[in-house]
Structures are given as C-alpha cells and as structure tokens.
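Presented below is the structure to which this report refers.
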Amino acid sequence: MSIGLNHFLIVAALLFSIGFFGMLLRRNVLVLLMCVELMLNASTVALVAFSRYTDQMDGAMFVFFIITVAAAEVAVGLAIIVSLYRRKQSLMAEDYATLKN
Amino acid sequence: MNAETIFPSLQTMAESNQWVYLWPQIALVVLGLGLLVLEMLLPRKRVGTLVPAVALAGFALIGVLVCTPLFPTLADSLTVFDGMLLSPLSPGIFLFFIASSFLTGYLSMVCLPRQVLPRTEYFAVLSFVTAAILVLIHANNFLMMFVALETVTIGLYVLVGYARGQMTTLEAALKYLLTGAMSSAMLLFGIVLLYGAGAIKGIADPLNYQSVLQLFKDAQLGAGDSLALCGVALTLCAVAFKLGAVPFHIWVPDVYQGALTPTTAFLAVSSKAAGFVVLLCMLMFSFDAQSLKELLIPLLSLLAALSILFGNLGALSQRNVKRLMGLSGVSHAGYLLLGVVAYLTLGHVSMLYAIAFYLLAYMLASYAVFGVMSHVATNIDDFQEMQDYRMLLEKCPFLGGVLCVGLGSLAGIPPCAGFIGKLLIFICAVQAQLYWLLGIGIFGVVVSIYYYFGWMRAAVYRPWRSSQDSSSGKIPMESAQPSPEVPSVWSRLVLGALAAAVLLLGLFQGSLVSDPANPRQVSSQTSVPQDN
C-alpha cells in the first residue's frame, strides 16, 4: 500500500480533533496550551501534504509563518500562565473562575 | 505561486514604487519603536507624562496625514505586493482605526496613572496592534490575513493582561488567550482546507480570496468540495469569534470585565470593526458564488438572530456596567451581521454604507460611554456597578450628559447617530426581505432600551424612597459615594467632541449614508472598502 494524500489528511484531521476535544475536556491550563499547539501542527501537516501533492510552493512557505506565529503565541501565553501561577499556585482551570455574573 | 509566477510579480513590485501605500503601517510601527527608545532616553520622572503625549500626537499626525495627498488617491481598487487590496476608500478606513486607537490611547492616559504600571509599553503595543489591523483590513490573501490577525490577537493578549497585578485581569487574559488561540487554530485549519481544495482543483494562487471563490462558482458542488465547505465553516467560526457573535461570545463578558477600560473599548470597537471589514473583504466578490451563498446566508442569519437575542436578553440582568457593555456589544454585532446578510443577499453597495455608518455611530457612542466609565472608575475598575453612577448628572453634569448621549445613541433614540444606523440596517433588511430577522432585530432594540435606560435612570434620577424615609431624615445613600474626579480640559474637549459628533451625525448625515452612483463623495470616515 502506498501512502497518498488522503493518509496525510486523515492524520491531520485526527491531530486536529485530538487538540480540539482536548481543549474542551482537559482542565490543566498548560495542557490546554499544548492542545492548541496540536491543532496548529495538524494544519502544518495538512498544508505540507497539499503542497507536496499538488506541486504548489506557497503551502510549504506558509508553514514557516505558522511556526513563527505559534512560537509568539506560546511566549505570550506562558508569560500569562506563569504570572497566574505565581499568584495562585495552581494550574487548574476551575481555580480561575472569579469573573462571573 | 510557482517560480515562474514569482519573478514577474517581483519585477512589477520593483518597478512600481508600492511602498508608498504602506507608509501608514510603517509609520505606526516606527512610532511604537520610537516610544520604546524614548523611554530609555528620557529622565525617569518625565516618562510617565511625555510618552503618552508623544504617542497621542503621533496617532493624530498619522491620522491627519493619511487624509492628505501624501497617501496617493486611488481611482480604482489596486492590488499591492500581491497580497493587499487597496480601495479608493482606504484612507477613510485608516482614519477610522487610527481615530479609534487615538481614543483608546486617550482613555489609557486617564486610567493608567491610577495603577502602578509601566506606561510606555501600553502605547507601544497599541501602535503595533493598530499597524497590524491596518494590514489585516486590506489583506487579500489568506497568508497575509492570518499573520496580520495573529499579530493583532497576540498584541491584544498583552493589552488585556496589562494590569498584571490584578487577579481578575490575569484571569481575563487567560480566558482570552485560550479562546483566542483555539479560534486561530480553527481559522488556520479552515484556511488549509480551502487551500487544499483550491490546489487539488488546480486553481492558480489558491491562497488569494478571489481564487478561492472560484471554487464556489458552479451551481452544483462536486464530491471533493466538502473540503472547501468545511474550510468555509471553520473560517467563519474564527471570524465570528472576533466579532463576538453567539455562539462564539463566551469570552466577551469576562474579558470585557477583567481588562482595563481602554482595552475593553479597543476590543469593543477596533477588534470588532476589523472583524467586519475582514468578513466583507472576503465576501466582496462572492455574488456569483452561488453555493457559497447557499451555505453562508442561513449560517450568518442564524448567528445574527442568536447574537441579537442572546446579547440583549443577557444584558438585561447585568448590574456590572462592563459586562453590560460586553453583552450589548454582542447584540450590536448581531445588528451588523443582519446588514451583512442583507448585503450578501442583494449585493447593493448602499448596504455597505449602512454597515459603515453603523460602525461609525457605534464607535463614537462607545468611546463616549467608555470615556465616562474611565472617569467614574476608581483604581480597580473591574467591579463597576450601576449604583456607582447614582446621581452622576448632579455631581458632574458634564459626564452625566455625555453618558446620556452615548447610551441614547447605543439604544437608538432619534436625535442620536445610533438611531440612523439602526434605521439604515433595518431598511437593508426590508430590501432583502429578511422579515423574520427584522422582527428579531426590532424585538432586540425594544429590550435594549430597558437596560440602557436603567443605566441612564441611575445617572439621572434620585433613587425613589417613601415619605417616611425622607421625613425621618436618613442620610441619602448616594452621599456615601465618592464624587468622580473632575474631568480635565482635555477630557472635556474629547468627550464633548464625541457627544457632539453623535448628535450631529444623527441630524445631518450628508453624503455619509449612501450615494452609490458617486462613491468618491463619501466623507473620509466611512469604514468599509467598496470595490464596485
């Protein structure tokens, strides 16, 4: 069996759904951030596969931008999480629910 | 894009000097960097007052220069750098967003001194975000749009979490971070699916908005097009998140409450308006894309109806004014979506003008209200209740008056601009025969009058008490409330100008409203590109 475009797309869709449902179900803030990374990387896999199988260059180029953006997002996100952890010594999402009706 | 197509496009780029169209963005980035350098150079005592002044002067200067011939006037829409589409109305759109950033900067000059916080970085990040918004609203290419959108969003994470000493602010930043990152990831996956669908079909340059629309030109969708439809749905989710439309609004009340008031105002106006401009840019050429319209019109109608209903009903029970502004902002996004649906159905240019006018009225009124809020607030502004506004009109007639004008405009009461905005949107809905959406819209307006006027009543009337209470000589409750600080001359000037603009736009719209035959006449503050 040769590996084709569809196999890559299935892997990408799986990665994306793992990240998506992780976002909905997990409670640890750091794990939530990792789920976002998983979703971004799913897009990267799909993008490279599309780009490779259709001989279009700009998909592969896009990947560099995604990596950069993801790094910036994690930098800011970790800064926020660290300063939260300093104040409450907890990473669980349910501890951060003071803003309510 | 392949090697043989890159070379000619680079050649045209080198031959025509297109950098001149980018100078507002470049100037804003230079302004932000300059502020950071200035902080290092100035003596420590002067930094707190000089840096904000320089930032505001910079915004004002760039805003004025954009309207002069320094920014080349365009007769027709123009593609620059293969990824941006400029229209004859671009200077007006620039002016809208720069004015919004100027007002945000002004509000933070009022709010930041109450906190023990560095001030320079706020203004620097604000100008970077503004530059990114100006790139975003002209993006014509998904790569450009994604990078610009992420720059805006990451900058906003910083601005939302700026008062990092306060637990509530940090919590708001965390919530914005998680929901925002999730929506970016969905947007990205949507873009990738659209790219893939385009690339498989052999469309040239499948990241371009117009090329992607070619996917939907056939009346019947093929089997492979489910990929493209999934892509559209995921992209729409991310845009709806930016707009704060139901069901992607869960972050709105919490983040609006936790963020500093200037940041809240920026989120409410600039971020939302940018979302609408992006949505309209994507849909600009979609009239013959029948299958796309068949998918989008029901989806967007649903979003609009849910936003109007949920935003207004949710705001009914709010006592916290920042949450109230957030939820009522959700309903305003719903009215604007109603205009977008009408535009998508009929495609009249006058509908774009209606949306633009609504955004303009919304911006002026919102900044008036947020301006009053930042004057009334004490150093912790997260828990501002309606009771804090008791007798505001008596204690400070100026702030009370501005508040009433702003709220009246948001509610859509006749002499204010908000009324005309709502009227124009509803006329569009009638033209497009969206009667059930129109009914929901009118129901929403009626509901919204209750909570806006509840706030106004708190500011204007004495709380009612029975005769026994007053005869027994109890000290009235409101005397315990501290009087708000007296607004400075500059505050009076800015807030007075906003209130006056709200009233004037309600009475004289001039050529702002619609003149489709002659779009060049539209005054420079219209905020939606138009390319027909």
Side-chain angles (χ1 to χ4, degrees), chain A residues 5 8-9 12-13 15-16 19-20 23-24 29 32-33 35-51 53-59 61-63 65-66 68-70 72-81 83-88 93 95-101, chain B residues 1-3 6 141-143 146-147 150-151 153-155 157-158 160-161 164-165 167-168 170-182 184-193 195-202 204-207 227 253-255 257-258 314 317-320 323 382:
Chain A
L5 176 58
F8 283 103
L9 291 188
L15 275 179
F16 187 82
F20 185 80
M23 279 299 281
L24 299 182
V29 178
L32 291 183
L33 213 58
C35 290
V36 170
E37 290 302 302
L38 218 50
M39 287 162 84
L40 289 179
N41 284 329
S43 317
T44 313
V45 171
L47 206 48
V48 172
F50 278 132
S51 178
Y53 281 89
T54 57
D55 280 336
Q56 298 243 15
M57 239 168 58
D58 35 7
M61 238 160 53
F62 204 150
V63 172
F65 289 93
I66 297 173
T68 318
V69 161
E73 204 165 60
V74 167
V76 173
L78 280 182
I80 292 172
I81 291 176
S83 51
L84 269 173
Y85 184 76
R86 280 203 191 136
R87 317 205 90 223
K88 264 211 170 150
D95 291 332
Y96 301 112
T98 43
L99 292 170
K100 275 187 200 165
N101 281 339
Chain B
M1 200 186 292
N2 287 316
I6 287 178
N141 181 299
F142 278 115
L143 174 55
F146 176 73
V147 174
E150 281 304 291
T151 317
T153 316
I154 292 173
Y157 299 151
V158 177
V160 168
R164 61 174 196 274
M167 201 56 211
T168 42
L170 279 179
E171 189 187 317
L174 179 71
K175 285 178 175 168
Y176 193 52
L177 169 78
L178 292 176
T179 49
M182 186 162 162
S184 315
M186 285 165 77
L187 170 72
L188 184 61
F189 205 68
I191 292 175
V192 171
L193 291 184
Y195 168 78
I200 288 173
K201 284 228 170 146
D205 195 8
L207 282 173
L227 215 58
D254 288 353
V255 173
Q257 186 188 351
S317 59
Q318 291 298 330
R319 305 300 299 166
N320 183 305
R323 295 183 81 89
D382 304 342

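Below, chain A is the first sequence line, B the second, and so on; all start at residue 1. The basis for the numbers below is simple: all heavy atoms, side chains too, and nothing from hydrogens, waters or symmetry mates.
- The minimum heavy-atom distance between L15(A) and A42(A), with the atom names listed, is CB-CB, 3.6 Å.
- Both the backbone and the side chain of S51(A) come within contact range of chain B, with heavy atoms under 4.5 Å apart.
- Residue with the most contacts toward chain A among I200(B), T153(B), N320(B): I200(B) (heavy-atom pairs, distance under 4.5 Å).
- With a threshold of 4.5 angstrom between heavy atoms, L24(A) approaches chain B through side-chain atoms but not through N, CA, C or O.
- In this structure, a donor-acceptor pair under 3.5 Å is present between the side chains of E150(B) and S184(B).
- Chosen from G314(B), G202(B), A181(B), the residue pairing most often with chain A at heavy-atom distances under 4.5 Å is A181(B).
- Expressed to the nearest 0.5 Å, how far CD of Q257(B) lies from OG1 of T168(B) amounts to 7.5 Å.
- By the 4.0 Å N-to-carboxylate-O rule, K88(A) lies too far from D95(A) to be salt-bridged with it.
- Looking only at distances, no side-chain donor or acceptor of Y96(A) sits under 3.5 Å from a matching main-chain atom of L174(B).
- At a 4.5 Å heavy-atom cutoff, the contact between L177(B) and chain A is made by side-chain atoms alone.
- Note: M167(B) leads M186(B), M167(B), K175(B) in heavy-atom pairs under 4.5 Å with chain A.
- By the 6.0 Å contact criterion, CZ on F8(A) is open, its count of non-hydrogen atoms from other residues, nucleotides or ligands being 12 or less.
- With a 4.5 Å cut-off on non-hydrogen atoms, S43(A) touches chain B through its backbone and its side chain both.
- With a threshold of 4.5 angstrom between heavy atoms, Y157(B) approaches chain A through its backbone and through its side chain.
- Contact annotation for L5(A): only side-chain heavy atoms (C-beta onward) come within less than 4.5 Å of a heavy atom of chain B.
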For V36(A) and E73(A), what are the C-alpha separation, side-chain angles and deciding distance, and is it a side chain to side chain contact (heavy atoms under 4.5 Å, CB included)? CA-CA 10 Å; V36(A) 170; E73(A) 204 165 60; 4.1 Å; yes

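- In this structure, L47(A) CG and I66(A) CD1 are separated by 5.0 Å, a value rounded to the nearest 0.5 Å.
- Of the atoms belonging to F16(A), it is side-chain heavy atoms, and not backbone ones, that fall under 4.5 Å from chain B.
- When each of V69(A), L9(A), L40(A) is scored by its heavy-atom pairs under 4.5 Å with chain B, the top score falls to V69(A).
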